[in-house]
K.L.:
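Got a structure for you, written out below as C-alpha cells; questions coming shortly.
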Amino acid sequence: MTVSIRSFTKRGPGIVFIVSAPSGAGKTTLTRKVLSNCPDMSLSVSCTTRAPRAGEIPGKDYHFVSEAVFKRMLAAGEFAEWAEVHGKLYGTPRRLLERQLRRGRDVLLDIDVQGARQIKQHFLSAVSIFVLPPSLDELRRRLAARGTDARKTIEQRWRNARHEIQEIQGYDYFILNRDVKEAVRRLAAIIAAERLKVCRYIPKQK
Ligand code: 5GP
C-alpha cells in the first residue's frame, strides 16, 4: 500500500467518544459546551424510562419512553448498548449511531460504565473518557444543589458514584472536573488528538 499526502485528507469511519461520570460530576455541562464548539460531532440521544426533569426537551435530551416500549425496542435489537442505571433503563439507539459512523461523523455517547463496557466490545476503536468530581463530598453537595432529584434519588446516586469510580481503570482518559473551563479544554484536547491519529486515516494492511 502506498502512503501519499492525499491519504491524510480523507478519514475513515467516524469515532465513538464515550463520556462517563458519576451523576453530579458535571458531565452534561461539559459535553454540551464541547459539542457547541464542535459542529462536526453529534450527540447520541438515548432512550430512557426515567421521567423528564424540568427543562429537559424530549428528542433533544432523551427520548422518554415507557418500560413496555423500551423492552420492545430491546427485544428487536434496536440498542447498541443498554443498562439499568439508578433503577431506570437507558439505551443508545443503534441505527442512527451506525449510520453516522458510516458517514464519517464522530458521535459522543454520554453513557454509564456498564454501557461503556458494551460499546468498547463492539466498537474497538472507541475512545473512553471518565469525568471525576473533585471529591465525593463535593459530588454530594452538587447533587443536592442541583435540586432536580428527590432526596432518596440523591442518596442512591451518591452511593452508586463510589462504585462507578472503581471502573475508571477500563477507560482511556480521565478529566478531573474542578474547573469547568479547564475541563472543557481537556476534553477538546482529547478529541483533537484522537482525530489526528494516523490510524484514523491509513487503512490497515491486510
Ligand atoms: P441521568 O438520569 O442523570 O440523565 O443519567 C443517569 C446516568 O445514565 C448517567 O450516568 C448517564 O450517562 C447514563 N446514561 C444516559 N443515557 C444512557 C444510555 O443510553 N446508556 C447507558 N448505559 N447509560 C446512559
Side-chain angles (χ1 to χ4, degrees), residues 16-35 42-67 69-74 76-98 100-101 107-123 126-133 136 139-140 142-168 170-171 173-175 177 183 187:
V16 179
F17 288 96
I18 303 166
V19 183
S20 303
S23 211
K27 177 183 47 169
T28 308
T29 310
L30 175 61
T31 51
R32 299 309 188 266
K33 275 190 195 286
V34 168
L35 281 162
S42 302
L43 174 70
S44 164
V45 179
S46 297
C47 293
T48 182
T49 60
R50 86 150 161 75
R53 294 193 187 114
E56 282 185 329
I57 301 167
K60 183 166 177 281
D61 294 294
Y62 280 107
H63 300 291
F64 297 99
V65 299
S66 66
E67 206 165 310
V69 167
F70 192 99
K71 288 191 169 156
R72 225 175 15 246
M73 292 174 75
L74 183 58
E78 289 184 32
F79 294 124
E81 63 72 36
W82 73 280
E84 183 175 332
V85 190
H86 316 308
K88 299 290 174 190
L89 303 174
Y90 295 80
T92 301
R94 177 193 299 281
R95 209 172 322 142
L96 184 58
L97 170 65
E98 290 181 347
Q100 285 175 320
L101 296 176
V107 183
L108 191 145
L109 307 186
D110 170 340
I111 58 175
D112 89 315
V113 294
Q114 308 167 72
R117 238 181 282 134
Q118 297 168 50
I119 292 290
K120 278 278 203 177
Q121 274 169 11
H122 296 297
F123 299 89
V127 180
S128 56
I129 302 139
F130 197 94
V131 181
L132 283 167
L136 282 173
L139 187 73
R140 191 199 280 266
R142 287 185 190 174
L143 280 171
R146 199 155 75 167
T148 50
D149 299 307
R151 180 187 283 257
K152 205 174 119 224
T153 312
I154 291 172
E155 278 306 311
Q156 187 186 23
R157 285 178 176 242
W158 187 76
R159 270 198 312 274
N160 288 351
R162 307 166 67 113
H163 298 294
E164 285 164 351
I165 288 171
Q166 303 311 310
E167 299 278 333
I168 197 167
Y171 281 72
Y173 297 94
F174 78 93
I175 294 173
N177 191 9
L187 180 54

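We count residues from 1, following the sequence as given. Both counts, for ligands and for their atoms, begin at 1 and track the order of listing.
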K.L.:
Considering distance alone, does some N or O of Asp110 sit under 3.5 Å from an N or O of ligand 1?
P.N.:
yes

K.L.:
To the nearest 0.5 angstrom, please state how far the CD atom of Glu84 sits from the OG1 atom of Thr49.
P.N.:
8.0 Å

K.L.:
Taking ring pair (Phe, Tyr, Trp, His ring centres under 6.0 Å) as the test, write out the residues that go with Phe70, two or more places apart.
P.N.:
Phe79

K.L.:
If we only count heavy atoms from C-beta on, is the Pro22 to Pro133 side-chain gap below 4.5 Å?
P.N.:
yes

K.L.:
For ligand 1, is there an atom lying under 4.0 Å from some heavy atom of Lys27?
P.N.:
yes

K.L.:
What residue and atom, counting heavy atoms only, is the protein's closest point to atom 19 (O) of ligand 1, and at what distance?
P.N.:
Ser46 OG, 2.7 Å

K.L.:
Does ligand 1 have any atom sitting under 4.0 Å from a heavy atom of Tyr62?
P.N.:
yes

K.L.:
Is it the side chain, the backbone, both or neither of Arg53 that has a heavy atom closer than 4.0 Å to ligand 1?
P.N.:
side chain

K.L.:
For the residue pair Thr31 and Val34, establish whether any side-chain heavy-atom pair is separated by less than 4.5 Å.
P.N.:
no

K.L.:
Partners of Tyr90 by ring pair (Phe, Tyr, Trp, His ring centres under 6.0 Å), sequence neighbours excluded?
P.N.:
Tyr62

K.L.:
Would you check if Arg159 and Glu155 make a side-chain contact, meaning some heavy-atom pair closer than 4.5 Å?
P.N.:
yes

K.L.:
Under 3.5 Å, side chain of Gln118 to main-chain N/O of Ala80, donor-acceptor pair present?
P.N.:
no

K.L.:
Give the atoms of ligand 1, by number and element, whose distance to some non-hydrogen atom of Val85 is under 4.0 Å.
P.N.:
7 (C), 8 (O)

K.L.:
For Glu164, is the nearest heavy atom under 4.0 Å from an atom of ligand 1?
P.N.:
no

K.L.:
Which of the numbered atoms in ligand 1 are under 4.0 angstrom from any heavy atom belonging to Gly115?
P.N.:
22 (N)

K.L.:
Below 4.0 Å, non-hydrogen atoms only: which portion of Ile111 touches ligand 1? Side chain, backbone, both or neither.
P.N.:
both

K.L.:
Atom 13 (C) of ligand 1: which of Ile119, Val131, Asp112 has the nearest heavy atom?
P.N.:
Asp112

K.L.:
Could you tell me whether Gln114 approaches ligand 1 through its side chain, its backbone, both or neither, with non-hydrogen atoms closer than 4.0 Å?
P.N.:
neither

K.L.:
Is a salt bridge present between Glu67 and Lys71, judged by a nitrogen-to-oxygen distance below 4.0 Å?
P.N.:
yes

K.L.:
Taking non-hydrogen atoms only, is Gln118 closer than 4.0 angstrom to ligand 1 via side chain, backbone, both or neither?
P.N.:
neither

K.L.:
Within the structure provided, determine whether Leu187 and Tyr173 are in side-chain contact (heavy-atom separation under 4.5 Å).
P.N.:
no

K.L.:
Should Phe64 and Arg50 count as side-chain neighbours, where that means a heavy-atom distance under 4.5 Å?
P.N.:
yes

K.L.:
Does ligand 1 have an atom under 4.0 Å from some heavy atom of Arg50?
P.N.:
yes

K.L.:
Tell me: protein heavy atom nearest atom 6 (C) of ligand 1, and distance?
P.N.:
Tyr90 OH, 3.6 Å

K.L.:
Quick one: which ligand 1 atoms are inside 4.0 Å of a heavy atom on Ala83?
P.N.:
22 (N)

K.L.:
Under a 4.0 angstrom heavy-atom cut-off, which atoms of ligand 1 come close to Glu81?
P.N.:
18 (C), 19 (O), 20 (N), 21 (C), 22 (N)

